[in-house]
Amino acid sequence: MSDTAPAAPKKLFLLDAFALIYRSHFAFSKNPRINSKGMNTGAVLGFTNTLVEVLQKEKPTHIGVCFDGPKKTFRHEQFAAYKAQRQAMPEDIGIALPYIKKIIQGFHIPMLMMDGFEADDVIGTLAQKAEKEGFEVFMMTPDKDYCQLVTENIKIYRPAFMGNAAEILDVAHVLARFEIERVEQVIDILGLQGDASDNIPGIPGIGEKTAKTLIQKYGSVENLLANVDELKGKQQENVRNFAEQGLMSKELATIHVNVPLDFEADKLLLDAPDETVLRELFDELEFRQLSARILGGGPERTPARVAAPGSTPVRRPKLVPGGQASLFGNPGDEAVAIGAEEGETGSHGAPAGPRKRLEDVPYNYHLMDTPELRQSLLSFLLQQEEVSFDTETTGLDTMTARLVGLSFAWLPGEAYYVPVPADDQAATQAIVDEFCPFFESKTILKIGQNIKYDLTILKHYNVNISGPLFDTMLAHYLIEPDMRHNMDVLAETYLHYSPVPITDLIGPKGKKQITMADLAPAAVKDYACEDADVTLQLKHVFEPMLKDLGLLGLLNDVENPLVPVLADIEYEGIRIDSGAMNEYSAELQGYITELETQIFREAGQEFNIGSPKQLGEVLFDKMDIGKGKVKKTKTGQYATGEEILSQLAAENPIAALILEYRQLTKLRSTYVEALPQLVSVVDGRVHTSFNQAVAATGRLSSTNPNLQNIPIRTERGREIRKAFVPRDENHVLLAADYSQVELRIMADFSGDKTMIEAFRLGQDVHTSTASKVFKVPMDAVDSEMRRKAKTVNFGIIYGISAFGLAQRIGISRKEATEIIETYFQEFPSVKAFMDDSINRARELEYAETLLKRRRYLRDINSRNATLRGYTERNAINAPIQGTAADIIKMAMINIHHWLREEKLGTKMILQVHDELVFDAVTEEVEYITPKIKELMTTALLLPRGVPLEVEVGSGRNWLQAH
DNA sequence: GCGATCGC
DNA sequence: GCGATCGC
């Protein structure tokens, strides 16, 4: 370099190691990356990707990675609670850390730390020193506290994350984001609002918004305190009382730039990595793709199914299995499968890694917007054995959404979009009718992602889809029940492909968001076609996986056939007597007002009873009750949960009043007020949505509204069930309940003679359990004994710990442990069953139900005893609860089928885990009752033949039906 | 135990 | 996001 050339800019990157590592770890937590040795490599991979990204993209001249010093910092000395709430480091990060350090060394990058200081102090100090020597400095961190250090030459570099591009924050960004005039004021804002994760308290009642307003007005915490008289009411009181805490919080939020550390530029000079060391590390960690990308060559890669950019695309056979060519001649020359390249970056939230987009792959997407094109498409559709399809609509609410278009795909890389005029109902209906021969075909397999949604939309256009279904969402739910199943994540993970985000079309969420109907069909075409195409390709990936796992039967015999059943249930809805609800609301309001008055009288002041924070302060600070029983929650607030208040009830009448107040306000807000608002104006009924892919055990869940938690336990709660009524005078509600299914399953699985005998003899199983555990004859079991025995039985089914059990029945942990021990002595086979379940899970790392549904239990061999214990209880509970879910799902399919076959008017309208509810035609009740019983009890037979029993009742409302 | 919902 | 409470 010649002397006259201008000096190259000196670019220093300082990485905040722990912040980046934690972020990487949690980014992968929903889709953990486990290598063949069982190590969770998410944190290492994410951190390394971030590091590589910055090296390649930003080309720093100097770089260093900063860690927190090992000893406690001056902040801990100032404020004992500082970071006290912080949870211990996750085990996986502890394991990852040595690897990360070795990788940093392999890159020849220095690690910087200082006893008694945190990484941010080190970074702040070095940044300022480097700035003086003419460096442009980038602090690489996701942490907003660093904003206080930003200057013209010191900036924050937020690495790419969760689909967001990397971002550089300069002075203008910081001022805009905090709405301040000077960068230093960041500390004032943080001091006022506090930071829950660092346990910096701030001033109570001041959040982000208030902090900004106050600092805009007063400029600093100190000046705010000097002018505290100008504030009003509660705010003034808080600022006055917590002035000291505010100042200390400001101090804690301040990054200290006086760490005794020299800035030695030449030590931070970027150096070439040690490729041998890195290659060995990457091999050990199984980072094949990363290794190939940054080191070149390397170990053999699995041949990619997709053509590499620039090379000749793979030729796809022109004929599909059904013998049908593609609609437009010869698309095989261009279109190829999106491709499933094997690699470690494919997980959701991976900071980097090659993920293709629509513009990177060849595709043939066609707009079919004339009668001729539609006819041609239909004739091709009818010749396929399987077709993936998707609907585009104006919104997510199936009751109000209008159809905008339909897309279809049967060859990878190729799809067809049929737009409809959303605002012309008749014209839309006519186009939909054209495709009825396809939708109603009994032989063509229809593939969809969350296909229940499409079924419901089409139902509103009088289409009753027939034939077999394949839902890719449910397929993945069986493969990885705990993970997310939305299409974008699946495409990223399994196809290494990022679909066009919907927000590219309709804009970001909010008031200004438009709908699909506002766009020209040509603008929707690619998005819609891509959905059908991706879904088709996912099906091709999932089907062989399911086959290998032995789960294809469960999908095809249970989950997929259940989809139309649920679609019908949701479509039918249940009638609510809104008048009765409103009357009850007024009645509840009367009680609530009365209770408020009494509570305020007892407390000697008015306050917001619904605020656990205020309530805790009133009870434990002001009234000073519950000495020795006071507990705090993990956020440092007083705990005011049920068990605490129940204990306090003996001491002070206020506790019972509060519990009653809570119960009534819960009933009012969650049920009595909310339900009438969800009644559809179209048919006067409430339509819940069942989610078939969220519960880890295989159960369904219900939302919007949740009709699976309508009260039943208390008198006042039961009142709500009276408002669930049949659709008209010619119907009644019929409820069919499995009696003790889960305990029967446990009795069967364990083969416990005593318990099986109790079921065979039709005894009350909780009483018989109590008789054994408390060693008294059946007729000497009192209600207290029965209650305890029942809790133990449920404890096993729900997988609660001895500790949880003690809490529930209000006994000591010791007594709980004793009850459990006696239980095991009396029911040795149950104990053996539990041990076997755990041992089996230790080996397989999953548990399975009668129909082979899996729940993965990867923490069963963890060294963390709490985590392991929790997972062990799941190992016992998952097969029991999951088998019960399998059984009722089978029963639903069979009953639905039978009702249709017999052309009966009765409709299934709800499922509540072990109960089915029907809107039954009154004249049909007698005929259907025994058949429903039969279909439910024989849906699945338990291996040892323990019988299932079902109770059926009917009445003018849901309460009477029980 | 899980899942959903409410108000703070 | 948290604490509390409903059902199974």
Side-chain angles (χ1 to χ4, degrees), chain A residues 85 195-197 204-205 207-208 481-482 607-617 631-646 658-675 677-678 688-714 716-718 720-721 737-743 790-791 793-805 807-808 847 855 857 869-878 880-882 884-885 888 910-915 958 962:
Chain A
Q85 303 292 338
D195 181 344
S197 66
E208 188 182 331
D482 294 320
F607 63 101
N608 185 344
I609 310 169
S611 159
K613 190 169 180 295
Q614 290 188 33
L615 176 65
E617 285 162 9
K631 278 197 190 132
K632 296 223 171 169
T633 66
K634 59 183 169 196
T635 53
Q637 272 190 52
Y638 290 116
T640 64
E642 231 230 55
E643 68 277 33
I644 303 259
L645 290 184
S646 302
I658 290 162
L659 284 174
E660 200 180 355
Y661 173 90
R662 285 227 183 108
Q663 193 210 355
L664 297 184
T665 50
K666 171 88 181 178
L667 290 179
R668 187 190 54 180
S669 63
T670 309
Y671 306 106
V672 180
E673 303 266 87
L675 286 173
Q677 293 193 357
L678 291 165
T688 185
S689 318
F690 283 100
N691 198 329
Q692 206 180 337
V694 281
T697 53
R699 279 184 172 185
L700 300 177
S701 80
S702 152
T703 55
N704 212 340
N706 180 356
L707 294 183
Q708 293 183 320
N709 72 343
I710 303 301
I712 192 157
R713 271 187 11 233
T714 64
R716 279 177 178 144
R718 294 160 77 92
I720 289 165
R721 294 205 167 210
D737 277 68
Y738 281 106
S739 132
Q740 316 287 8
V741 238
E742 277 146 339
L743 282 175
K790 186 176 169 183
T791 313
N793 280 335
F794 278 102
I796 295 170
I797 289 165
Y798 292 147
I800 61 176
S801 58
F803 177 69
L805 182 69
Q807 289 219 314
R808 284 214 180 194
R855 175 163 189 190
L857 302 163
Y870 164 77
T871 314
E872 286 174 357
R873 291 193 296 278
N874 276 333
I876 299 157
N877 138 274
I880 299 174
Q881 221 182 94
I888 196 163
L910 274 186
Q911 189 253 44
V912 192
H913 307 309
D914 61 1
E915 169 185 9
W958 196 3
H962 271 277

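Protein chains get the first letters and strands the later ones, always in sequence-line order, with residue 1 at the start of each. Values below: every heavy atom of this structure, side chains too, minus hydrogens, waters and symmetry copies.
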Worksheet item: Excluding sequence neighbours, so at least two apart, what forms salt bridge (Lys or Arg N to Asp or Glu O under 4.0 Å) with A:Glu742?
Response: A:Arg699

Worksheet entry | Listed partners of A:Tyr638 passing side-chain contact (heavy atoms from CB on, under 4.5 Å), at least two apart | A:Phe620, A:Asp621, A:Val630, A:Lys632

Discussion item. Nearest whole Å is fine: how far is B:dG1 P from A:Glu872 CD?
Written reply: 14 Å

Worksheet item: Which letters describe nucleotides 2-8 of chain B, given B = protein heavy atom under 4.0 Å from base, S = only from sugar-phosphate, - = neither?
Response: SBSBSSS

Practice prompt. Describe the nucleic acid contact of A:Glu742 in one word from base, sugar-phosphate, nothing, applying a heavy-atom distance below 4.0 Å.
Written response: nothing

Practice prompt. Could you pull out all residues at least two apart from A:Glu617 that satisfy side-chain hydrogen bond (donor to acceptor under 3.5 Å, both in side chains)?
Written response: none

Practice prompt. Classify the nucleic acid contact of A:Thr665 as base, sugar-phosphate or nothing, counting any heavy atom under 4.0 Å across all strands shown.
Written response: nothing

Discussion item. Under 4.0 Å, counting only non-hydrogen atoms across every strand here, what does A:Ile710 touch: a base, just sugar-phosphate, or nothing?
Written reply: sugar-phosphate

Practice prompt. Name the nucleic acid region contacted by A:Ala884, choosing base, sugar-phosphate or nothing; use a 4.0 angstrom heavy-atom cut-off, strictly under.
Written response: nothing

Discussion item. Please enumerate all residues that pass ring-ring contact (aromatic ring centres under 6.0 Å, His included) together with A:Phe794, with sequence neighbours excluded.
Written reply: A:His766, A:Tyr798

Worksheet entry | Check: A:Ser702 side chain, A:Pro705 main-chain N or O, donor-acceptor pair, under 3.5 Å | yes

Worksheet item: If you look at every strand shown and take non-hydrogen atoms under 4.0 Å, does A:Asp914 touch a base, only sugar-phosphate, or nothing?
Response: sugar-phosphate

Worksheet item: For A:Leu667, which contact category applies under a 4.0 Å heavy-atom criterion: base, sugar-phosphate, or nothing?
Response: nothing

Worksheet item: Quick one: salt bridge (charged side-chain N to carboxylate O under 4.0 Å, His left out) pairs with a partner in residues 795-804 of chain A, sequence neighbours left out?
Response: none

